[in-house]
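A, B, ... follow the sequence lines: proteins, then strands. Residue 1 opens every chain.
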Protein chains: 2
Amino acid sequence: MSVDRKLDMQEVSQILKLLGDKTRLTMMKLLQSHDCCVCEFVAIFNMSQPGISQHLRKLKDASLVKETRRGQWIFYSLNRDHDYALLIDDLLNYLPDQNERFIELEAQGLRISCD
Amino acid sequence: MSVDRKLDMQEVSQILKLLGDKTRLTMMKLLQSHDCCVCEFVAIFNMSQPGISQHLRKLKDASLVKETRRGQWIFYSLNRDHDYALLIDDLLNYLPDQNERFIELEAQGLRISCD
DNA sequence: TTAGTATATAATAATTTAATTATATAAGTA
DNA sequence: TACTTATATAATTAAATTATTATATACTAA
């Protein structure tokens with residue numbers, strides 16, 4: 001009981017630490033509305049491809065996101081089965097919509113749609 | 001507008017970074033139910049007094065908590081007027097109750113009540 | 001098979017963070 | 001005033017974090 005309680009605080013603070021980075025927080029907000037592949041994130045954020053991959057790995061290691069290969073691309077999506085999925089969703093709902101970023105991508109012809 | 005959006009993401013991620021530390025997150029949860037002075041935090045957490053003070057300073061610098069001197073003690077309380085007070089309160093409501101910690105304090109005669 | 005594209009991993013460097021000890025400040029009390 | 005208690009600040013150190021470049025892996029297509 002006491003141990004469980006501490007584990008919970010530990011786990012939540014770990015999740016908040018991951019979301020306490022602007023790039024990862026924005027990634028999560030983007031994923032709330034659209035699955036996204038690595039190269040799209042690279043186009044959206046001003047960051048190297050390995051930088052993007054490492055952020056995604058942290059999110060994946062914490063089971064916050066899932067990855068699926070579709071052809072040559074690997075798409076990331078929110079893990080809506082996560083133990084704290086409700087908390088995370090609530091939290092993301094406070095954030096301003098980031099769809100403008102997808103619109104910009106589309107305008108540059110960089111949006112990947114894999115059907 | 002675009003600038004505001006970015007500021008928001010920046011500010012929220014900064015807050016989550018602060019809450020992404022187990023000590024500070026637990027402090028905030030404790031403060032949700034009781035104001036608390038520094039020496040109580042020192043008794044609750046296994047950490048030096050300067051360590052506690054520095055966590056509190058970070059929370060105060062971000063306006064997440066307020067301080068009030070009462071006699072020889074300085075009490076900390078949640079700043080319920082913070083721009084993101086709703087988000088923070090929602091978030092804290094997901095966390096397990098930490099009142100047991102106050103009960104333990106009381107049992108050790110370390111609870112400060114300043115009336 | 002070879003070349004090109006997408007992604008991950010390794011190595012590394014710069015920065016930030018979180019803790020400690022030592023010390024200063026401020027209030028309370030004999 | 002001097003002593004004690006409560007708290008803050010400074011200096012320092014160890015560890016964690018975030019980014020980069022270089023390289024490896026995996027799929028696609030010619």
Side-chain angles (χ1 to χ4, degrees), chain A residues 9-10 13-28 31 35-62 64-77 105 108-115, chain B residues 9-10 13-28 31 35-62 64-77 105 108-115:
Chain A
M9 294 300 282
Q10 177 65 48
S13 64
Q14 183 53 40
I15 289 167
L16 296 180
K17 176 172 289 179
L18 287 170
L19 300 181
D21 173 277
K22 192 167 62 147
T23 300
R24 286 192 297 264
L25 185 64
T26 306
M27 283 175 162
M28 291 291 285
L31 291 176
D35 291 2
C36 219
C37 73
V38 179
C39 61
E40 289 174 312
F41 284 131
V42 172
I44 287 172
F45 296 102
N46 192 22
M47 189 179 299
S48 67
Q49 175 269 315
I52 295 294
S53 276
Q54 289 180 41
H55 280 302
L56 287 168
R57 183 152 60 105
K58 287 184 184 183
L59 293 175
K60 193 183 60 168
D61 285 349
L64 294 176
V65 303
K66 294 184 297 186
E67 63 174 30
T68 319
R69 181 175 281 278
R70 295 188 205 153
Q72 67 192 126
W73 297 286
I74 295 180
F75 276 74
Y76 283 84
S77 56
L105 260 198
Q108 296 173 274
L110 294 173
R111 187 95 175 89
I112 308 289
S113 62
C114 182
D115 305 311
Chain B
M9 295 301 281
Q10 177 65 47
S13 64
Q14 183 54 38
I15 289 168
L16 297 179
K17 175 172 291 178
L18 287 170
L19 300 181
D21 173 277
K22 191 167 63 146
T23 301
R24 287 192 296 264
L25 186 64
T26 306
M27 284 175 163
M28 291 290 286
L31 291 177
D35 290 3
C36 218
C37 71
V38 179
C39 60
E40 290 174 313
F41 283 131
V42 172
I44 286 171
F45 296 103
N46 192 22
M47 189 178 298
S48 67
Q49 174 269 314
I52 296 293
S53 276
Q54 288 180 41
H55 280 304
L56 288 168
R57 183 150 60 104
K58 286 184 185 184
L59 294 175
K60 193 182 61 164
D61 285 350
L64 294 176
V65 303
K66 294 184 297 186
E67 64 175 27
T68 319
R69 182 175 280 278
R70 296 188 204 153
Q72 67 193 127
W73 297 287
I74 296 180
F75 276 75
Y76 283 84
S77 56
L105 260 198
Q108 297 173 272
L110 294 174
R111 187 95 173 89
I112 308 290
S113 63
C114 182
D115 305 313

If only side-chain N and O atoms of [X] are considered, is one of them under 4.0 Å from the OP1 or OP2 phosphate oxygen of [N]?
| X | N | answer |
| --- | --- | --- |
| A:Y76 | C:dA6 | no |
| A:K58 | D:dT18 | yes |
| B:R69 | D:dT7 | no |
| A:H55 | D:dA19 | yes |
| B:S53 | D:dT7 | no |
| A:R57 | C:dA8 | no |
| B:S48 | C:dA19 | no |

When all nucleic acid strands are considered with a 4.0 Å heavy-atom cut-off, which category describes B:K17: base, sugar-phosphate, or nothing?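 Sugar-phosphate contact only - B:K17 comes under 4.0 Å of backbone atoms but never of a base.
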If you take all heavy atoms of B:D21 and A:S13, which pair is closest and at what distance? C-CB, 4.0 Å
So, under a plain 3.5 Å distance rule, would you say the side chain of A:Q54 forms a donor-acceptor pair with the base of D:dT20? yes
Once hydrogens and angles are ignored, does a donor-acceptor distance under 3.5 Å link the base of D:dA8 to the side chain of B:Q49?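 Side chain to base: pair present.
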Please report the distance, rounded to the nearest Å, between [atom1] in [X] and [atom2] in [N].
| X | N | atom1 | atom2 | value |
| --- | --- | --- | --- | --- |
| B:D21 | C:dT16 | CG | C1' | 13 Å |
| A:N46 | D:dT18 | CG | P | 17 Å |
| A:E67 | D:dT25 | CD | P | 17 Å |
| B:D61 | C:dA18 | CG | P | 13 Å |
| B:W73 | D:dT4 | CH2 | P | 18 Å |

Assign each of B:Q72 and A:L56 to its nearest nucleotide of DNA chain C by heavy atoms, then name whichever residue's nucleotide is nearer the 5' end.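 Nearest nucleotide further toward 5': that of A:L56.
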Is B:D35 salt-bridged to B:R70, going by a charged N under 4.0 Å from an acidic O?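 Looking at B:R70 together with B:D35, the answer is yes, because their closest N to O distance falls below 4.0 Å.
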Please confirm whether the backbone N or O of A:C37 pairs with a side-chain atom of A:E40, one donor and one acceptor, at under 3.5 Å? yes
